[in-house]
Amino acid sequence: MKGRGFRIYAIAYLVFLYAPIVLLPIFAFNNSTIISFPLVGFTTKWFAALSDDTSLLLAVRHSLIVAVSVSILATTFGVFAARATTRYDFPAKGGIMGLIMLPLVLPDIIIAVALLGAFTNILGVSLNLFTVILGHTLIATPFTIAILNAAFQSLDRSLEEAAYDLGETKFSTFRLIILPLVAPGIISSMLIAFTISLDEYIIAAFLSGAGSATLPVYIFSQFRFPQRVPIIMALGTILVCLSVLLLTVAEYFRRRGIAKAGGKDTGGFL
Amino acid sequence: MKQRKILGSEAGNGYLMLSPTAIYSIALMAAPLIAVLVFSFMTPGYLKIIWKFTLSNYTTVLGDPIYAALMERSLVMAAAVTAATVLSAFPIAYFISFHVSPERKSLWLFLITIPFWTSYLIRVFLWKVILGYNGVINSAFEAIGLIKQPMTFLLYNANSVVITLAHSYAPFAILPIFVALEKIDRSLLEAGQDLGESQIMTFLRVTLPLAMSGVVASVLIVFIPTVGDYVTPTLVGGSSGQMIANIIQLQYFKLGNYPMGSAVSITAMGIVTVLALIFLFLNRRFLRGQK
Amino acid sequence: MTESQDPATRPARPIIELRDVEKYYGDYYALRKISTTIRQGEFFSLLGPSGCGKTTLLRCIAGFEELSGGALLIDGRDMNGVPANNRPTNMVFQSYAIFPHLTVEENVGFGLRRDPGTKAEKAARVAEALEMVGLKGYGKRAAHALSGGQRQRVALARALILKPKVLLLDEPLSALDKKMREQMQSELRKLQRQVGITFILVTHDQEEALIMSDRIAVMFDGEIAQLDSPERLYRRPVSRKVAEFIGIMNFLPATVVEVGAEQVALDVGGLGRLSITAEQCPGGARTGTASVGFRPETMTLLFEGDPEPTRARVAEGKVTEVVYYGDMTYYEVLLDGVEKPIQISMRNVVGRPVLQRGQRTRVAWDPAALVLFG
Ligand SMILES: Nc1ncnc2c1ncn2[C@@H]1O[C@H](COP(=O)(O)OP(=O)(O)O)[C@@H](O)[C@H]1O
Ligand SMILES: [Mg+2]
């Protein structure tokens, strides 16, 4: 294959990647409960139906509570870990980091099962939004570390020393130099953690318990009812727009962070 | 004496700084995983665990042909997903690394990662809608007169699971290969051609071996999570597309049999770990000199 | 360490005293019992090959590294337990460490945050510092938009604005291109005279150290091998190692015949019997085998028609290599009775030919140019 062949293949691949997402708005505005061609007519009633659904609104509230908490917690843990690995050298660093990053390759259902067993059979705590937050923080932290590592790595160590040399304390150096320089990374990391939590189903399903369903748990329960499908399409349209928006903002901050610290862009979120 | 103190303070600061995250991981992941291991040797009671040691869970998991068949199917499907994902991803990674101008690379990477971050559940569900009996493909083909009867082989089988998972894990496969390709010194390729190799031979003898570390990473990062995927087989798998996660979920939620669910989880993790290690061992010559 | 007495350098108030300063990383010794004094107001250089411990010593003085042993005094005060942010030193980093999110002005004024002065006073000091380093009017620029030379100046202004007792510079010029580097060398030197602050410069570039410094400490393997003025370091290196690190030195095998109080009698291969003064033996003298060294420019090739030298003596040999440099020509000459050729540099003068390889030649030399190495 020459460059041209590759380009055609790449575009076909993008079509494959985006096909399902493109269908979302088409059927969200289609005036029929059956998702098939030909299209019947334009309507916004599926969107209107969303705002009447009280259990949906409750699930959204739950998801927002969880996602905001997770973005703060996971980013805090990410800052500690990224700072520790980029700034200090110590024995067993690789091993400990490996453990922390493990959720990246561990199937989510294993984490869900393990936490469910620990919460109910050992600790005897009842399942609620808090247990979901704990589980989501675990799987979001490796992603925040990956983003924050890049931010901390592009930070020249002598910047800290220079500030310290000019009379600042360790703490004020962190506030005046390090924090402003990694701030874009922190924002980007919070947005990613937020997105991960907002989207996660299996851990939420295992750990949310009765009456605290998050948005994905609610959506999953709706799949059983064929007449609800167009409403889910409308909801999906909103969610996709929201995550594209969040990701674009996150990407903007990630790049600005690297540029600000004088580094070179080396790729995406993963 | 003093030297100890200095060494201690550098490492000490590091441990101190890492401790919140490390303790969280140990308390909420390592400890619960150990608990799962312990549960798997206990006697099942409905929704509770009878704290009595037994091997019966494992004799069931390893002896019962239903479990064996399900385990085998999970592995085969995950292998198929991995093959499809990595093979289709390689040309994309190659294209972005070698044919896209440097300033547009991050745009392409961004385009490829976006679908990955947008509502996983809804994306899987959309495949069900696309592939279904009255779905988008069938209705579109019927409308333009390509087919008379809806095709039934699209949904509720292994095919639909493979397509859907390949779609979900695309960026996971592309990015490690891309990173490996980016690291290749372009003058090596020119050297290859300079030494009289054709473009294809240069690719086979220089590019591919150097990209193998990325391919190995892609394979593992796709294979391991897909073995345990729950949403996709549940939504688009039908009865012939069920995987190991469905059994785990069944044991925990429907049957309330925690020890049995734990034994299945541990067995699955054990098999996957062994397979991953064998795979790494077989590819060790490509990983030499890598971190 | 050997410090020879140089009458030219006046004694001055010590600003830094190092007493048996040691630094080790695990069982690796980066600094081995270094003792020396650095004087108030001098331009002091630490010169040595990469990895010899220059940066480590500088960072110990700055307070970024704790000493493993010994004591460090700045202006008479023991610095043990005094952290970097409380020491009367400031540093210019190799990477300059310009804060990329701040403007030039904010960078330069960074250290004034805790200063009790008014806003206007601080602004005036920043402006003054910028003017001093030739960056007047650049205050509002974003730091990341500066060139290498400009960053260097910002780093200097930022460190000098606090009027430290000692300014520490870690290879500040190594990232600049040759032309910029030469310009900054002379500017730095002028600046140091103007502010009167003690500068300690780390460099691995012997030429840079010779050009800029009042005194140079040559370091090898965590030790100071010689501390001297540039001129003495060049003319009277205490060891072959120092001699080889600074410029080019020719060596000839020699035998020390007799060591007197004033004079040392030698038998030198290719040059014959001669005697030198004790001052020409900076590393001391003992009877037995030794070697003598001399710089390439201290010997002269004699051409047809040149007047016979009056003071110098003459040896004979054969030209084995000629390298033409434009203003200079470097010859390799094999003196009769020696195995290894020596290097001789000659300024090219109008009307004087360049010798060819294989030609026989006469070489004028002066015993006063020789240095004895034990
Ligand atoms: N933090 C450290 N840990 C271990 N070894 C170090 C450390 N810092 C410096 N060294 C070692 O000490 C020696 C001297 O280093 P340095 O002072 O940086 O040399 P240079 O003269 O090139 O500036 C080097 O061999 C270096 O590897
Ligand atoms: Mg150095």
Side-chain angles (χ1 to χ4, degrees), chain A residues 3 6 9-10 13-14 16-18 20-21 23-24 34-38 77 80-81 83-84 88-91 93 96 99-100 102-103 105 107 109-111 113-118 121-122 134 138 141 195 199 201-202 216 219-220 223 232 236 239-240 243-244 247 251 265 267-270, chain B residues 10-11 13-15 17-18 20-22 24-25 28-33 35-36 39 49 91-92 95 99 106 109-111 113-115 117-123 125-127 129-130 134-136 139-140 143 170-171 175 221 224-225 227-228 230-231 235 245 248 252 258 261-262 265 269:
Chain A
F6 274 118
Y9 178 79
Y13 198 88
L14 282 186
F16 166 66
L17 280 184
Y18 280 85
I21 297 168
L23 289 173
L24 263 180
I34 299 164
I35 305 300
S36 64
F37 288 108
F77 285 130
F80 278 114
R83 173 78 174 155
Y88 300 102
D89 232 344
F90 44 91
K93 183 159 99 174
I96 301 173
L99 178 74
I100 294 171
L102 191 63
V105 287
I109 191 156
I110 300 284
I111 291 174
V113 162
L115 282 175
L116 179 68
N121 284 67
I122 295 180
L134 293 179
L138 198 61
T141 300
T195 313
D199 206 26
Y201 167 70
I202 189 79
I219 291 173
F220 197 87
F223 287 153
I232 298 296
L239 285 179
V240 167
S243 22
V244 171
L247 287 168
E251 171 73 0
D265 194 356
F269 295 117
L270 292 170
Chain B
E10 157 94 11
N13 282 339
Y15 286 127
M17 191 66 82
L18 191 56
T21 319
Y24 191 83
S25 279
L28 279 116
M29 185 177 58
L33 284 176
V36 170
F39 293 167
I49 293 165
I92 294 294
F95 168 74
H99 291 279
S106 24
L109 292 178
F110 188 54
L111 278 179
T113 32
I114 277 197
W117 291 108
T118 51
S119 190
Y120 175 61
L121 269 187
I122 287 179
R123 263 184 303 136
F125 179 69
L126 280 165
W127 280 106
V129 171
I130 292 172
N134 286 316
V136 173
S139 64
L175 290 178
I221 217 166
I224 298 173
V227 174
Y230 171 78
V231 171
L235 285 182
I248 296 174
Y252 268 82
Y258 286 15
S262 300
S265 306
M269 274 188 1

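The structure presented is a predicted model; accordingly, all values stated were derived computationally and were not measured. As a basis for the values below, the full set of heavy atoms in this structure was taken, side chains included, without hydrogen atoms, waters or symmetry mates. Below, chain A is the first sequence line, B the second, and so on; all start at residue 1.
Between A:Phe6 and B:Ile92 the shortest side-chain heavy-atom distance does not fall below 4.5 Å. With contacts defined as side-chain heavy-atom distances shorter than 4.5 Å, the pair B:Thr113/A:Leu247 does not qualify. The shortest distance between side-chain heavy atoms of B:Ile248 and A:Val113 falls below 4.5 Å. Using a 4.5 Å heavy-atom threshold, the side chains of A:Tyr9 and B:Phe95 count as separate. Taking the side chain as every heavy atom from C-beta outward, A:Phe90 and B:Asn13 never approach each other to under 4.5 Å. Side-chain contact between B:Val227 and A:Pro107: absent, with no pair of heavy atoms (C-beta onward) separated by less than 4.5 Å.
Checked by atom type and distance alone, the side chain of B:Tyr258 never pairs as donor or acceptor with a backbone atom of A:Leu116 at under 3.5 Å. In terms of modelled atom types and a separation under 3.5 Å, the side chain of B:Thr21 and the main chain of A:Phe77 share a donor-acceptor contact. Between the side chain of A:Tyr88 and the backbone N or O of B:Leu18, no donor-acceptor pair lies under 3.5 Å.
Looking at A:Leu17, both its backbone and its side chain come within 4.5 Å of chain B, counting heavy atoms on both sides. For a residue to count as touching a neighbouring chain, one of its non-hydrogen atoms must lie under 4.5 Å from one of that chain's; by this rule A:Ile202 touches chain B with the side chain only. Looking at A:Leu138, both its backbone and its side chain come within 4.5 Å of chain B, counting heavy atoms on both sides. Residue contact with chain B, scored on non-hydrogen atoms closer than 4.5 Å, involves the side chain of A:Leu239 exclusively.
When the side-chain contact (heavy atoms from CB on, under 4.5 Å) test is applied to A:Pro216, the partners found at least two apart in sequence or on another chain are A:Ser63, A:Tyr201, A:Thr214, B:Leu121.
Heavy atoms only, all atoms of each residue included: B:Ile130 and A:Pro20 are closest at CD1-CA, 4.0 Å.
Here the straight-line distance linking atom CG of A:Leu134 with atom CE of B:Met29 works out to 14.0 Å at 0.5 Å rounding. The CZ atom of B:Phe39 sits 4.5 Å away from atom CG of A:Asn121, with the distance rounded to the nearest 0.5 Å. Taking CD1 of B:Ile122 as the reference point, atom CD1 of A:Ile219 lies at 4.0 Å (rounded to 0.5 Å). If you take CD1 on A:Ile109 and OH on B:Tyr230, they are separated by 7.0 Å, rounding to the nearest 0.5 Å. Here the CG atom belonging to A:Leu24 is positioned 10.0 Å from the CZ atom belonging to B:Phe125, to the nearest 0.5 angstrom. One finds the OG atom of B:Ser119 at 4.5 Å from the CG atom of A:Asp199 (value rounded to the nearest 0.5 Å).
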Discussion item. With side-chain contact (heavy atoms from CB on, under 4.5 Å) as the criterion, how do B:Leu33 and A:Ile111 come out once you've worked through the C-alpha distance, each side chain's angles and the decisive distance to 0.1 Å?
Written reply: CA-CA 8 Å; B:Leu33 284 176; A:Ile111 291 174; over 6 Å; no
One pair to check against side-chain contact (heavy atoms from CB on, under 4.5 Å): B:Leu111 and A:Tyr18. What are the steps and the verdict? CA-CA 9 Å; B:Leu111 278 179; A:Tyr18 280 85; 3.7 Å; yes
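Ranked by heavy-atom pairs under 4.5 Å with chain B, the list A:Ile110, A:Ile96, A:Val240, A:Leu102 is led by A:Ile110. Among the candidates B:Ala35, B:Gly261, B:Ser265, B:Ala31, the residue making the largest number of heavy-atom pairs closer than 4.5 Å to chain A is B:Ser265. The choice from A:Ile232, A:Val244, A:Asp89, A:Thr195 that makes the most heavy-atom pairs within less than 4.5 Å of chain B is A:Asp89.
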